[in-house]
Enquirer: 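One structure is given below, represented as structure tokens, and several questions about it will come after.
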Amino acid sequence: MIHVHHLEKSRSHRILWLLELLGVEYEIQVYQRDRKTQQAPDALKKIHPLGKSPVITDGELTVAESGAIIDYLISRYGEGRLQPAEADTNDWVDYRYWLHYAEGSLMPLLVMGLVFNQIPKQSPWFIKPLAKGISSTVRQRFIQPQMNQHLDVINKHLGSKENFAGRWPSGADVQMSFPLQAVAATQSLEKYPHIAAFVARIENDAAWQRVVVRAGPLTMPGE
């Protein structure tokens, strides 16, 4: 039996979605964030020393990191599903690119945006105005322009292919689900209709809806 160590307001919803897509039985162990620090509890460190989520256990095996978990589950339980064959060269390359891009390029910007949004809220009152000004400048001059550039590229790709690689859904679509749902939760997608359609497609998917019933709706850190 696979156990998903599921931290609230985290990226593990997409692992639950993948398991539902694969039709693999699993159990969920839910962990709550510390209400003050928003950090994961120490109990998660008993599963993996970094104490991060998502992490799964499959028998005696522990697998952490979303991309590694997706690779593992599809390789072990996919039976050829949810990833393009190597013979489909363009789709295979797209699949690998987007699978790594989600955490390697897009999520760092989202996390940076979250951090700078929280800095004024966590600052002492006497430096709060200064912290707010610095945070706003960084977000407006660096983070958002970079994010716009990334969203333009993603929107263009989805406009030509509707999803990220091969047949819908693939492991790349699963991996890209969280960052794009995070974007949808924090800004308008009026300029990015293909991203908006992709997010809606996830949330209308029967397997995703089963996740929501079982684990609750996806929420984001800071909400």
Side-chain angles (χ1 to χ4, degrees), residues 10-24 54 65-111 113 144-215 217-220:
S10 77
R11 308 171 201 190
S12 57
H13 261 71
R14 60 184 166 191
I15 303 304
L16 302 178
W17 182 34
L18 176 58
L19 288 163
E20 290 287 348
L21 289 168
L22 290 170
V24 176
E65 292 291 339
S66 294
I69 294 170
I70 289 170
D71 263 342
Y72 170 77
L73 291 174
I74 291 177
S75 295
R76 182 159 187 181
Y77 299 104
E79 299 177 345
R81 297 171 292 162
L82 303 187
Q83 65 177 343
E86 290 187 31
D88 301 325
T89 306
N90 290 336
D91 284 340
W92 189 88
V93 170
D94 277 346
Y95 179 87
R96 290 301 183 282
Y97 172 75
W98 294 108
L99 188 69
H100 292 281
Y101 164 89
E103 292 295 319
S105 294
L106 187 55
M107 277 305 303
L109 277 175
L110 288 169
V111 171
Q144 195 58 51
Q146 287 288 315
M147 181 61 66
N148 292 344
Q149 183 179 5
H150 281 260
L151 294 180
D152 285 338
V153 171
I154 295 167
N155 193 66
K156 183 178 180 180
H157 177 84
L158 290 174
S160 63
K161 298 198 174 183
E162 296 186 347
N163 61 301
F164 285 99
R167 296 179 180 179
W168 165 270
S170 74
D173 298 313
V174 172
Q175 181 76 323
M176 286 294 293
S177 65
F178 180 83
L180 294 185
Q181 287 173 300
V183 169
T186 55
Q187 71 173 74
S188 169
L189 292 178
E190 183 178 358
K191 295 180 179 179
Y192 310 105
H194 303 300
I195 296 176
F198 178 80
V199 171
R201 192 176 187 182
I202 295 167
E203 296 175 355
N204 289 324
D205 184 85
W208 176 263
Q209 292 173 358
R210 291 195 296 272
V211 170
V212 173
V213 170
R214 187 164 176 180
L218 176 66
T219 55
M220 301 294 169

Enquirer: Is there a side-chain contact between L106 and M176, using heavy atoms and a 4.5 Å cut-off?
Expert: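 Counting from C-beta outward, L106 and M176 do come under 4.5 Å.
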Enquirer: Is any side-chain heavy atom of L218 closer than 4.5 Å to one of V211?
Expert: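 The answer is no, as the side chains (C-beta and beyond) never meet within the 4.5 Å cut-off.
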Enquirer: Between H13 (side chain only) and F178 (backbone N and O only), is there a donor and an acceptor less than 3.5 Å apart?
Expert: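 Not confirmed, H13 side chain does not pair with F178 backbone.
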Enquirer: Please enumerate all residues that pass side chain to side chain contact (heavy atoms under 4.5 Å, CB included) together with W92, with sequence neighbours excluded.
Expert: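 For W92, the residues satisfying side chain to side chain contact (heavy atoms under 4.5 Å, CB included) (neighbours in sequence not counted) are E86, R96.
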Enquirer: Just how far is it from atom CD1 of I69 to atom CD1 of I15, taken to the nearest 0.5 Å?
Expert: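 Reported value, rounded in 0.5 Å steps: 4.5 Å.
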Enquirer: Can you tell me if N204 uses its side chain to pair, donor with acceptor, with the backbone of A200 under 3.5 Å?
Expert: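 Flag set: sc N204 to bb A200 pair under 3.5 Å.
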Enquirer: Applying side chain to side chain contact (heavy atoms under 4.5 Å, CB included), name anything that partners V24, two or more places apart in sequence or on another chain.
Expert: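 Only I2, L19, L22, Y77 meet the side chain to side chain contact (heavy atoms under 4.5 Å, CB included) criterion with V24.
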Enquirer: Mind checking whether V199 and V183 have side chains closer than 4.5 Å, heavy atoms only?
Expert: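 With C-beta onward as the side chain, the pair stays apart.
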Enquirer: Can you list the residues that meet the side-chain hydrogen bond (donor to acceptor under 3.5 Å, both in side chains) rule with Q187, with sequence neighbours excluded?
Expert: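 Partners of Q187 under the side-chain hydrogen bond (donor to acceptor under 3.5 Å, both in side chains) test: Q144.
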Enquirer: Could you state the interatomic distance from CD (E203) to OG (S177), rounded to the nearest 0.5 Å?
Expert: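 Reported to 0.5 Å precision, the distance equals 9.5 Å.
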Enquirer: Does any part of the side chain of R214, heavy atoms only, come nearer than 4.5 Å to the side chain of L16, both counted from C-beta?
Expert: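 Side-chain contact under 4.5 Å: no.
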Enquirer: Find the distance between CD (Q175) and CD1 (I70) and round it off to the nearest 0.5 Å.
Expert: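 Nearest 0.5 Å value for the CD-CD1 distance: 4.0 Å.
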Enquirer: Does the side chain of L189 come within less than 4.5 Å of L180's, by heavy atoms?
Expert: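 Side-chain contact under 4.5 Å: no.
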Enquirer: Would you list the pairs meeting salt bridge (Lys or Arg N to Asp or Glu O under 4.0 Å) in which at least one residue belongs to residues 13-24, sequence neighbours left out?
Expert: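 Salt bridge (Lys or Arg N to Asp or Glu O under 4.0 Å) check on residues 13-24 returns R14-E103, E20-R210.
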Enquirer: Answer whether the closest heavy-atom distance between the side chains of L21 and V174 falls below 4.5 Å.
Expert: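 Yes, their side chains come closer than 4.5 Å.
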Enquirer: Rounded to the nearest 0.5 Å, what's the gap from OG on S160 to CG on N155? Could you check?
Expert: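 If we round to the nearest 0.5 Å, S160:OG and N155:CG are 10.0 Å apart.
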Enquirer: What closest approach, in Å, do A182 and L110 show between heavy atoms, and which atom pair accounts for it?
Expert: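 Closest heavy-atom pair between A182 and L110: CB-CD1, 4.3 Å.
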Enquirer: Just wondering, do D71 and L99 contact through their side chains at under 4.5 Å, heavy atoms?
Expert: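 When only atoms from C-beta onward are counted, D71 and L99 do touch, with a gap below 4.5 Å.
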Enquirer: Keeping to residues at least two apart or across chains, list the salt bridge (Lys or Arg N to Asp or Glu O under 4.0 Å) pairs with something in residues 158-183.
Expert: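 The answer is D94-K161.
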Enquirer: If you compare all heavy atoms of A102 against all heavy atoms of P179, which two are closest, and at what distance to 0.1 Å?
Expert: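 A102 and P179 have their closest heavy atoms at CB-CG, 4.3 Å.
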Enquirer: Considering residues at least two apart in sequence or located in another chain, which fulfil the side-chain hydrogen bond (donor to acceptor under 3.5 Å, both in side chains) criterion with H194?
Expert: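 Partners of H194 under the side-chain hydrogen bond (donor to acceptor under 3.5 Å, both in side chains) test: none.
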Enquirer: Could you tell me whether E65 atom CD has more than 12 heavy atoms of other residues or ligands within 6.0 Å of it?
Expert: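 No - once you tally the heavy atoms of other residues, nucleotides and ligands closer than 6.0 Å, there are 12 at most.
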Enquirer: Picking from F164, Y192, Y101, Y97, what satisfies ring-ring contact (aromatic ring centres under 6.0 Å, His included) with H157?
Expert: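 Testing H157 for a ring-ring contact (aromatic ring centres under 6.0 Å, His included) against F164, Y192, Y101, Y97 leaves exactly one candidate, F164.
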Enquirer: Please verify the inter-ring angle class for W17 with W168; under 30° counts as parallel, over 60° as perpendicular, anything in between as tilted.
Expert: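 Answer is tilted, since the angle falls between 30° and 60°.
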